[in-house]
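Scroll down for the structure; my scribbles are underneath it.
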Amino acid sequence: MANKFATKFGVVMAAAGSAVGLGNVWRFPYLAGQNGGGAFLLIYLVCILFVGMPIVLSEFVIGRRSGQNALEAMRTLSGSHRWDWLGIMCVVCGILFISFYIVIAGWCVRYLSLSIFHAALPDIANTLIALALNVGIIWFGVEKGIERISTLLMPLLLIILLMLVIRSLTLPGSGEGLKFLFTPDFSKITPSVFMAAISQAFFTLSIGLGCMLTYAAYMKKNQNLIATATQVVGIDTLVAIVAGIAIFPAVFSLGFSPAEGPQLVFSVLPAVFAEMPGGSIFMVLFYILLLIAAITSSISMQEVAVAYFDEQRHMPRRKAILLTTGIIIVLSVLCTISCNSSINLCGRSLFDWFDYLTSKFMMPIGGLAFAIYLGWFYPLKDTREELQQGSNLKPWFWHTFLWTIRIIVPIAILAIFINGLLA
Ligand code: PHE
């Protein structure tokens with residue numbers, strides 16, 4: 001990934017490829033289902049707008065300004081080693097993240113083989129198949145190829161989701177589902193709903209672990225950062241909402257419980273496909289596309305760690321891939337086992353711990369640090385200059401952005417943290 005992106009469209013697609021993934025189709029619906037539907041959606045959208053979007057922009061500014069990976073970027077901009085912890089946290093977060101994310105990608109492999117062969121391999125095999133796909137792409141350096149493929153295939157995923165929307169909406173009693181998703185019941189808003197919504201904003205936008213920062217390092221100076229961030233955030237939010245509209249009407253019509261948890265999408269969608277003419281073919285296509293969406297996200301997580309060992313530790317790239325893959329194999333196998341057993345640590349399985357630690361702690365802390373650094377420590381004129389490159393920066397936008405990263409983002413993240421810990 002050492003070159004600049006060739007086209008502005010390519011950058012949007014690569015960043016959107018990282019953002020759009022299991023977070024939109026699998027995690028958003030199940031969290032919305034568990035946290036009161038409309039109430040969750042409302043708070044989630046507020047988090048995306050006032051916390052997610054400013055952090056995407058902050059990572060873009062830091063990444064393009066420095067042209068480096070997260071650790072080196074902070075060293076270059078700050079001229080010191082004081083922010084090294086942040087770079088290291090990004091690397092650790094990337095590894096923990098992919099170790100449980102690849103398990104869910106493995107569920108896609110499982111449902112894919114169930115829909116084709118009506119049989120499935122044991123879960124550990126599915127996890128390892130998903131991981132092999134991920135590593136194969138990184139090893140052979142075909143990220144550029146996958147970018148091109150996903151530019152073609154991601155719109156197709158959206159089309160299948162839209163077909164599911166139509167089927168779901170025409171099921172009897174589907175109105176209940178729409179009401180659930182779009183009518184906020186304010187009595188359902190609790191500190192844990194805020195915590196779930198903010199963690200989802202970080203998860204789905206791939207922020208707080210230097211992923212967006214790394215992509216921005218490859219952007220050209222004439223790329224409009226504001227427009228790019230708006231497009232990436234817009235596409236990501238659109239896919240999540242469409243997934244919600246595909247799922248909730250069916251949940252209510254077919255008698256599932258919206259609060260079913262992580263298995264929600266995997267149990268509801270096959271039931272919807274069963275109600276469609278040619279459903280089994282669409283189901284195969286859907287799981288292939290979802291798996292590709294997951295892999296375009298997971299390669300960007302491993303890349304954070306590979307870039308660190310490669311660029312910072314001067315390890316040959318292939319050695320860096322082997323080392324990170326070794327660690328990921330051990331952790332993801334443990335995660336897979338933990339999902340299927342009753343072994344747990346303080347009430348959570350290892351899988352839950354990794355999800356919890358990354359999206360509820362490390363990513364919010366990472367995002368908070370990027371925003372605070374830019375808002376309070378880095379010369380404002382440099383940030384402004386970087387935002388102006390390639391875009392027509394309006395004064396109102398600059399001031400809103402500045403005060404959002406200086407005040408709103410820190411207060412929101414800290415308040416939600418403290419509330420969540422006390423709850
Ligand atoms: N945003 C991705 C998704 O929604 C997950 C992801 C998180 C990707 C962090 C990269 C880094 O599935």
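Counting starts at 1 for both ligands and their atoms, following the listed order. Computed from a predicted structure; not experimentally measured.
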Fit a plane to each ring of [X] and [Y], take the angle between them on a 0 to 90° scale, and name the class: parallel (under 30°), tilted (30 to 60°) or perpendicular (over 60°).
| X | Y | answer |
| --- | --- | --- |
| Phe377 | Tyr373 | parallel |
| Phe401 | Phe397 | parallel |
| Tyr287 | Phe266 | parallel |

Protein contact of atom 12 (O) of ligand 1 - nearest heavy atom, named by residue and atom, plus distance: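 Nearest neighbour among protein heavy atoms for atom 12 (O) of ligand 1, to 0.1 Å: Tyr101 OH, 2.5 Å.
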Lys/Arg N to Asp/Glu carboxylate O, Arg64 vs Glu59, below 4.0 Å: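 Salt bridge flag = no for Glu59 with Arg64.
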Using a strict cut-off of 4.0 Å, indicate which atoms of ligand 1 neighbour a heavy atom of [X].
| X | result |
| --- | --- |
| Asn24 | 4 (O) |
| Ser300 | 10 (C) |
| Phe97 | 7 (C) |
| Cys211 | 10 (C), 11 (C) |
| Thr204 | 1 (N), 4 (O) |
| Leu22 | 12 (O) |
| Leu209 | 9 (C), 11 (C) |

Any Trp26 heavy atom less than 4.0 Å to ligand 1: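 Flag not set, Trp26 not near ligand 1.
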Check: Phe203 ring centre within less than 6.0 Å of Phe28 ring centre: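 Judged by ring-centre distance (under 6.0 Å), Phe203 and Phe28 do not meet the cut-off.
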Ring centres under 6.0 angstrom apart (Phe354, Phe351):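 Distance test on ring centres: not under 6.0 Å, no.
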Heteroatom distance test ([X], ligand 1): nitrogen or oxygen, under 3.5 angstrom:
| X | value |
| --- | --- |
| Ala19 | yes |
| Phe203 | yes |
| Asp236 | no |

Heavy-atom closest contact (Cys335 atom, Phe100 atom, distance):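 So the two residues come closest at SG-CB, 4.0 Å.
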Option passing ring-ring contact (aromatic ring centres under 6.0 Å, His included) with Phe273 (candidates Tyr111, Phe286, Phe282):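 The residue from Tyr111, Phe286, Phe282 that satisfies ring-ring contact (aromatic ring centres under 6.0 Å, His included) with Phe273 turns out to be Phe286.
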Identity of the nearest option to atom 2 (C) of ligand 1, non-hydrogen atoms only, from Ser18, Gly23, Gly21: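 Minimum heavy-atom distance to atom 2 (C) of ligand 1 goes to Ser18.
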Closest to atom 10 (C) of ligand 1 (judged by heavy-atom distance), picking from Ser206, Ser298, Gly208: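 Heavy atom nearest to atom 10 (C) of ligand 1 belongs to Ser206.
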Gap between atom OG1 of Thr127 and atom CD1 of Ile337 - 0.5 Å precision: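 The distance works out to 9.5 Å.
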